[in-house]
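Residues: numbered from 1 along the sequence shown. For ligands, and for the atoms within them, numbers begin at 1 and follow the listed sequence.
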Amino acid sequence: MIIVMRRNATESEIEHMIAEVEGAGLKPATLRGTERTVIAAIGDERKAGDLRKLESSPGVDNVMPVLAPYKLASIESQPTRSVIQAGSFAVGGPVVGMIAGPCSVENEEQIVATAKAVKQAGATALRGGAFKPRTSPYSFQGLKEDGLQMLATARDETGLAVVTEVVSPEDVELVSEYAEVLQIGARNMQNYRLLEACGKSHRAVLLKRGPSATIDELLLAAEYILDGGNPSVMLCERGIRTYEGHTRFTLPLASVPYLQSKTHLPVVIDPSHGTGHASLVPAMARAAIAAGADGVIVEVHPEPEHAMSDGYQTLDFPAFAEMMGECQRVAEAVGRKL
Ligand code: PEP
Ligand code: MN
């Protein structure tokens, strides 16, 4: 923490700030310049509470935190990249994890056929929502536990790990019985009771970035899960809300190298929600892998035109197989595999 005093700060105001820093359990180092005095507070400022409140003290111009507000998620706490293994699915190592499946589980035939097709094309995990958080209360809300059972059947038939969303803290235990990876959806990224409940689960978590959340807010949401005792968190960039209306969201692929410079947690890209157009998905999946993404999550359905949710951004089986071939070549070019 760096405290910059005003040009006209008095000696007693400087002394007051030095005492405040000491009172917060930090060691003050005072630099008296010709123009201004700067006080560096040495120690772990995160344990001292939010010291930005000192900006309201007399004679203080600016208080600047030095350490990232998240600790366990920070690359400083763990310089080696985390590799998360959840059944057949690994993410964070040399192999790019490919998660594919429908937006929603609709019936057993649909999810089993999709699991077989995406496995055949090289996917390592199956996605499918059983609990669906929908913008409209009139939209399909998911098959709930029946859907989870269908996902388990698809896993039994293919060996693919299951990634599925959990929308409320009460359901974490139930969803953990069926799925290898708990997905926290974009709308729930700041549902702190849900994050805490997932922190207590033994299942890996795919945490999606809220469409209006900053990167610090995403990392602090991950911090809740890590702090709860669950080290298996992967972050998912799925697009943010901007003024642009041509794509459903704006997919910032710079998040991949940026996040990887700040955190050891694996980064997964969702080009389906990130674009909202099936025709744009393969190019953004290729770009994600070229940018260094640790995983990609893509919506795939036997008949996208009849899908009960998100059909417009969903690939059919041939399009997914073609995309996987292209992604394989990009992965090889950047020293990874699918
Ligand atoms: C989904 O994966 O189908 C979904 C609802 O995603 P998001 O939370 O990113 O909107
Ligand atoms: Mn969807």
Side-chain angles (χ1 to χ4, degrees), residues 89 97-106 110-111 114 118 123 125-137 139-144 147-148 150-151 161-168 171 175 179-191 194-195 198 204-213 215 217-218 221-222 225 233-242 247-253 255 267-278 280-281 284-285 288 293 295-316 320:
F89 180 64
M98 299 299 284
I99 310 166
C103 180
S104 302
V105 180
E106 298 170 6
Q110 172 240 21
I111 195 68
T114 308
V118 299
L126 173 69
R127 63 149 290 148
F131 290 91
K132 293 303 299 176
R134 304 306 302 281
T135 303
S136 164
S139 301
F140 176 56
Q141 301 291 318
L143 298 179
K144 313 220 163 56
L148 295 176
M150 293 170 195
L151 283 163
V162 165
V163 180
T164 195
E165 183 159 354
V166 56
V167 295
S168 73
D171 294 334
V175 179
E180 278 74 23
V181 181
L182 308 174
Q183 176 175 324
I184 298 181
R187 293 161 187 77
N188 267 317
M189 189 206 86
Q190 286 178 309
N191 179 340
L194 179 61
L195 297 172
C198 289
V205 178
L206 176 81
L207 175 64
K208 291 187 132 194
R209 178 180 184 179
S212 308
I215 283 183
E217 286 166 343
L218 171 63
I225 304 168
V233 181
M234 52 201 111
L235 305 172
C236 179
E237 174 61 83
R238 45 75 76 206
I240 52 174
R241 179 95 61 203
T242 67
T247 51
R248 185 178 177 190
F249 294 96
T250 295
L251 184 61
L253 288 180
S255 297
V267 181
V268 174
I269 290 289
D270 177 345
S272 304
H273 294 85
T275 62
H277 295 280
L280 304 181
V281 169
M284 295 314 276
V296 176
I297 179 167
V298 179
E299 289 186 333
V300 179
H301 189 286
E303 289 179 301
E305 66 178 342
H306 295 133
M308 292 177 81
S309 56
D310 287 356
Y312 46 81
Q313 63 191 30
T314 299
L315 301 181
D316 61 13
F320 178 68

Roughly how far, to the nearest 0.5 Å, is CD of Glu303 from OG1 of Thr114? 10.0 Å

Which residue and atom name correspond to the protein heavy atom nearest atom 8 (O) of ligand 1, and how close is it? Ala186 N, 2.7 Å

Arg187 side, atom CZ; Glu165 side, atom CD - distance, nearest 0.5 Å: 8.0 Å

For Cys103, counting its heavy atoms only, list the atoms of ligand 1 lying under 4.0 Å from any of them. 3 (O)

May I ask you to check if ligand 1 and Asp310 share an N or O to N or O distance below 3.5 Å? no

Quick check: Asp270 and ligand 1, any N/O pair under 3.5 Å apart? no

Is Arg134 atom CZ crowded by more than 12 heavy atoms from other residues, nucleotides or ligands, each under 6.0 Å away? yes

How is the N/O/S atom of Asp310 that comes nearest to the Mn ion (ligand 2) named? OD2

CD (Gln190) and CG (Leu195) are apart, to the nearest 0.5 Å, by 8.5 Å

Out of curiosity, is Lys132 lining ligand 1, as in a heavy atom under 4.0 Å away? yes

From atom 7 (P) of ligand 1, work out which of Lys208, Glu237, Met189 has a heavy atom at the shortest distance. Lys208

Any nitrogen or oxygen of Pro133, side chain or backbone, less than 3.5 Å from one on ligand 1? no

Tell me whether Arg127 contacts the main-chain N or O of Cys103 through its side chain, where contact means a donor paired with an acceptor under 3.5 Å. yes

Interatomic spacing from CZ in Arg238 to CZ in Phe249 - rounded to 0.5 Å: 4.0 Å

For ligand 1, is there an N or O atom under 3.5 Å from any N or O atom of Glu165? no

So how far is it from Gln141 CD to Met308 CE, rounded to the nearest 0.5 Å? 10.5 Å

For atom 9 (O) of ligand 1, what's the nearest protein heavy atom and its distance? Arg238 NE, 2.7 Å

By number and element, which atoms of ligand 1 are closer than 4.0 Å to a non-hydrogen atom of Gly185? 8 (O)

With rounding to the nearest 0.5 angstrom, report the CZ to OG distance, Arg209 to Ser255. 5.0 Å

Heteroatom of Glu299 nearest to the Mn ion (ligand 2) (N, O or S, atom name): OE2

shortest atom 4 (C) of ligand 1-to-protein heavy-atom contact is with His273 NE2, 3.4 Å

Verify whether one side chain among His301 and Asp310 offers a donor that lies under 3.5 Å from an acceptor in the other. no

